[in-house]
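These numbers come from a predicted model, not from an experiment. Every chain is numbered from 1, with letters handed out A, B, ... down the list of sequences.
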Amino acid sequence: MYVELSLINKTYQMSESVSVPALSGINLSIGEGEFVALVGASGCGKTTLLSILGLLMWPSSGAYRFAGRDTRAVSRREQAALRGDLIGFIFQSYNLLSRETAWRNVMFPLTFRPETRRTRKRAALEALDAVGLSNRANHYPSQMSGGEQQRIAVARALVNRPKLLIADEPTGNLDSHTGQEILELITRLAGDYGTSIVMATHDVSVAQRAGRIVKMADGKIVSSQSTEA
Amino acid sequence: MDWLYTTGALIRDLRTSRVRRLLSILGVVIGTGAVISSLAVVEGGREQLRAHLEKLGVNMVVLEDRFRPEVPSEFEDQLRLNQMESVFVETWVGTENEKNTLKNLASEQAMQSGADDGGETALSGVLRMRDVEDLRKRFPEARIIEPITVQWTQVGKIGERPFGAEVEGGTARGAIVRDLKVKMGRYLLPMDVDRAEKVCVLGAAIAEQLLGDRRAVGRYISMRGSRWRVIGVLERKGTMMRFDYDRLIIVPITAMHERNGMEVVNALLIKAYDKRSASKIRNELRGEVLNKLEGRNPEDISVFSQDDLVEQSDKTLSTFKTLTICVAAFSLLVSGIGIMNIMLVSVRERTHEIGVWKAVGATDTDILLYFLSESVLTCIIGGALGILLGVVLASYAAGFVASSVTQMGTWKPIFSPIFFVLSLGSTILIGLLSGIFPALVAARLEPTEALRYE
């Protein structure tokens with residue numbers, strides 16, 4: 001398995017006496033190239049689970065093996081390197097850098113890697129081409145529609161050909177038609193690169209596109225069903 | 001981290017809040033401007049001092065007696081001269097030469113009547129000409145010992161309203177000691193001094209003020225109630241050893257004594273053979289003179305060598321420099337706090353963006369370096385503007401300092417490359433110090449918290 005969570009607990013310590021449990025006893029394995037949809041009501045712990053999967057947050061207890069490594073043993077710097085090399089993120093609100101053009105936004109994750117500037121730019125332009133926005137390379141986010149901005153975000157998430165794509169409600173801000181287009185794009189490109197996808201969503205039709213639907217409630221996984229069955 | 005990309009991103013970021021950043025770097029601009037201008041002014045002043053040394057030669061010693069005995073009222077002198085002038089103008093019918101001869105005669109009589117009140121006063125406790133002779137024998141190390149008497153006197157164009165000017169009674173060799181050069185006419189000759197001729201040599205500026213652009217040599221000015229013939233005009237020299245030579249009027253010391261009705265020498269100009277002799281004279285002369293002048297307040301007599309003046313001017317310049325640098329340092333410190341504040345605002349405003357950076361692989365160090373670079377770059381821009389301001393300020397400051405802080409002639413500021421390196425270095429330091437805390441705040445943000453921040 002590429003991603004393996006066992007008995008993951010996460011508690012938010014609000015103050016000395018107040019702690020809020022967010023996840024409890026999560027066991028989850030995701031194989032290479034697998035598409036997993038996380039569904040559940042708001043506040044059920046989907047985003048917390050995605051954050052732990054994306055190495056943005058440490059669990060309070062439990063073990064998380066990612067790409068064959070026990071993440072409890074990696075430093076903050078190594079975590080950042082793993083995120084940069086092996087993980088891509090797509091957010092509901094795009095999270096593009098407003099002062100940068102489309103191609104610079106796409107190139108941004110490569111800035112922290114050792115490739116040459118020429119290689120990085122070529123990779124960014126290729127990624128833009130892959131999402132069909134080569135003609136918008138020099139536009140700023142504010143000059144683009146929501147769908148176009150999310151395409152830029154997809155290009156940015158996949159520019160480093162990650163092994164794991166974390167998507168938190170990627171179609172949540174889009175109309176259903178654009179949402180479907182984005183979903184198509186994500187699944188097609190992830191399929192091309194052999195990238196595993198973990199996507200949190202409220203949209204049943206989106207979840208149906210996944211290979212497996214993991215249902216959460218109150219910080220626990222209540223069911224895990226393959227859609228092919 | 002790709003520094004080329006980062007620098008570009010920084011510049012793009014800085015452009016988005018130009019006014020706010022410009023205001024925050026004002027202190028750096030002013031501080032750096034002050035540092036650059038003060039260093040350039042002081043360097044210019046030091047260069048001027050070196051030039052002074054070269055001009056004067058290095059072995060000069062001056063003795064000054066601050067005691068000023070009262071001389072007959074200048075107002076009365078002037079009144080007499082003006083009355084005399086009006087009588088002549090109204091009544092004279094003879095030739096110009098005869099008129100002048102008679103005028104001089106009348107002028108001397110007028111002076112005599114003034115002197116009759118007090119007569120040739122036998123003052124005790126002051127330096128006299130014979131004392132100078134004694135000192136020449138006592139100090140064979142001195143190549144030249146020349147007496148001078150300096151006093152503030154009413155002077156003017158004949159028949160016009162007089163004004164105050166410094167008049168020096170000197171000797172022919174006074175020009176050699178101070179390397180005075182004559183632009184028109186000639187300097188005093190020994191003959192002028194021996195005969196106590198009523199002749200004068202004018203500084204360039206006062207010649208212009210008194211007689212305008214017209215040829216000054218051969219014309220007359222009024223001074224202490226009599227007429228003095230202009231025999232020469234000095235080249236422009238500026239201020240040296242406390243004298244503004246452009247505004248000085250030099251007359252034979254004997255003529256001045258005669259006119260004052262008392263023989264008082266209030267300064268000695270000494271040129272020694274070499275540096276050692278100058279030092280010996282500087283150390284022994286005061287005691288020797290005080291021995292001669294019994295009962296005098298020792299504080300009235302001061303002896304200073306050229307080195308003392310240079311040292312004093314140098315000290316004044318250094319004090320000025322220290323003071324300005326302190327003000328600049330304070331300004332930079334305050335500015336540093338301002339920059340730290342704006343950096344904290346910047347970090348807060350971009351908290352969400354920092355979350356995105358971290359999500360795509362930026363390490364804490366990347367974030368730290370980015371924000372540190374931002375504050376350093378802000379300061380460098382401030383420093384560069386400050387250098388421009390300093391270059392402009394320096395030329396004005398040099399004139400001001402030259403005239404008010406030190407008593408040397410005006411000079412030009414000198415900009416050494418090290419000043420620019422120093423200024424930029426200090427602004428970079430301010431950038432680092434003011435940026436480190438906000439940069440650490442940014443670097444330590446938890447990615448999920450940053451992403452949640454709206």
Side-chain angles (χ1 to χ4, degrees), chain A residues 10 12 22 47-52 54-58 75-101 104-121 124 140 153 156-160 162 166 168, chain B residues 1-21 342 345-374 377-378 439-454:
Chain A
K10 177 69 186 178
Y12 292 113
T47 301
T48 303
L49 181 56
L50 289 182
S51 298
I52 289 171
L55 298 175
L56 293 172
M57 182 189 278
W58 263 281
S75 64
R76 273 173 80 94
R77 170 175 279 277
E78 285 172 313
Q79 264 193 348
L82 285 172
R83 283 195 299 268
D85 292 342
L86 302 173
I87 303 174
F89 290 90
I90 300 174
F91 305 94
Q92 181 175 354
S93 52
Y94 328 129
N95 285 345
L96 298 178
L97 306 177
S98 57
R99 288 183 294 276
E100 301 287 14
T101 55
R104 282 211 170 95
N105 262 290
V106 175
M107 191 180 74
F108 192 59
L110 305 177
T111 309
F112 308 103
R113 291 166 50 137
E115 285 99 338
T116 63
R117 199 169 153 69
R118 186 187 293 265
T119 314
R120 285 200 301 265
K121 188 171 181 181
Y140 288 90
R156 181 180 66 185
L158 295 171
V159 71
N160 55 351
I166 309 270
D168 193 358
Chain B
M1 198 164 180
D2 175 1
W3 283 103
L4 193 65
Y5 173 83
T6 309
T7 310
L10 275 172
I11 291 166
R12 288 190 289 279
D13 281 348
L14 292 181
R15 271 167 37 193
T16 56
S17 49
R18 272 171 292 193
V19 174
R20 201 168 60 178
R21 282 185 196 275
I342 202 151
V345 172
S346 176
V347 168
R348 177 167 285 239
E349 279 177 352
R350 287 194 274 170
T351 301
H352 188 79
E353 194 176 306
I354 293 165
V356 177
W357 283 37
K358 293 202 163 190
V360 301
T363 61
D364 293 356
T365 314
D366 291 330
I367 308 270
L368 181 94
L369 288 178
Y370 183 88
F371 281 96
L372 214 46
S373 309
E374 182 173 314
L377 194 68
T378 306
L440 277 172
V441 168
R444 286 178 182 165
L445 280 172
E446 285 302 324
T448 42
E449 281 170 25
L451 279 168
R452 225 180 284 142
Y453 188 88
E454 290 298 338

Residues in residues 78-87 of chain A that sit under 4.5 Å from chain B, counting heavy atoms only: A/Ala80, A/Arg83, A/Gly84
Side chain of B/Thr378, backbone of B/Glu374: donor and acceptor closer than 3.5 Å? yes
Under 30°, 30 to 60°, or over 60°: which ring-plane class applies to B/Tyr370 and B/Trp357, parallel, tilted or perpendicular? perpendicular
What class does the angle between the rings of A/Phe112 and A/Phe108 fall in, given that below 30° is parallel, 30 to 60° is tilted and above 60° is perpendicular? perpendicular
Expected output: side-chain B/Lys358 to main-chain B/Ala443 donor-acceptor under 3.5 Å: yes
Quick one: do B/Glu446 and A/Arg76 make a salt bridge, cutoff under 4.0 Å? yes
Which answer fits A/Arg156, side chain, backbone, both or neither, if we ask what part of it has an atom under 4.5 Å from a heavy atom of chain B? side chain
Not counting sequence neighbours, list each pair that qualifies as a salt bridge (charged side-chain N to carboxylate O under 4.0 Å, His left out) and has a residue in residues 88-100 of chain A. A/Arg99-B/Asp13, A/Arg99-B/Glu353, A/Glu100-B/Arg12
With a 4.5 angstrom heavy-atom cut-off, is it the side chain or the backbone of A/Leu56 that approaches chain B, or both, or neither? both
If one checks every heavy atom of A/Tyr12 against chain B at 4.5 Å, the contacting part turns out to be side chain
Are the side chains of A/Thr47 and B/Arg452 in touch, meaning some heavy atoms are under 4.5 Å apart? no
